[in-house]
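This report concerns only the one structure given below.
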Amino acid sequence: MHAGPVGEESPAERAAREAVAVEVCQLCPVRARCLDLAMWVRPEYGVWAGLTAAELAALADLSELDMKEVA
């Protein structure tokens with residue numbers, strides 16, 4: 001299965017593609033499990049559990065900061 005573009009895409013095209021993926025994720029019954037997997041895998045691209053790879057990286061950074069505060 002190929003979900004990304006074939007060839008180059010503009011920033012606007014990428015944003016539109018990701019927006020559709022985020023919408024699909026909103027109703028997914030396994031969204032929480034997908035988020036768990038994404039936080040473990042740390043994907044470099046794509047949309048997982050309704051979040052882009054950049055959003056997941058930021059969330060992971062915040063989670064690591066929270067864990068340091070607990071330790």
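Start at 1 with the first residue, then count along the sequence. Please read these numbers as outputs of a predicted model, since none were measured by experiment.
- Closest approach of A38 to P43, counting heavy atoms only: O-CD, 3.3 Å.
- Side-chain atoms of L59 and M39, non-hydrogen and from C-beta on, do get closer than 4.5 Å to each other.
- The residues E13 and R17 are annotated as not salt-bridged, no charged nitrogen and carboxylate oxygen being separated by less than 4.0 angstrom.
- Residues E55 and G50 approach most closely at OE1-O, 4.2 Å, considering heavy atoms.
- Minimum interatomic distance between A49 and C25 (heavy atoms only, all atoms of both residues): C-CB, 4.0 Å.
- When side chains are defined from C-beta on, L35 does not count as touching W48, because their heavy atoms never get closer than 4.5 Å.
- Residue E23 qualifies as open at atom CD: its count of foreign heavy atoms under 6.0 Å is 12 or below.
- Atom CD of E8 sits in a sparse spot, with 12 or fewer heavy atoms from other residues, nucleotides or ligands closer than 6.0 Å.
- Within a 6.0 Å radius of CZ in R14, no more than 12 heavy atoms belonging to other residues, nucleotides or ligands are found.
- Here L51 contributes atom CG and R31 contributes atom CZ; the two are 6.5 Å apart, rounded to the nearest 0.5 Å.
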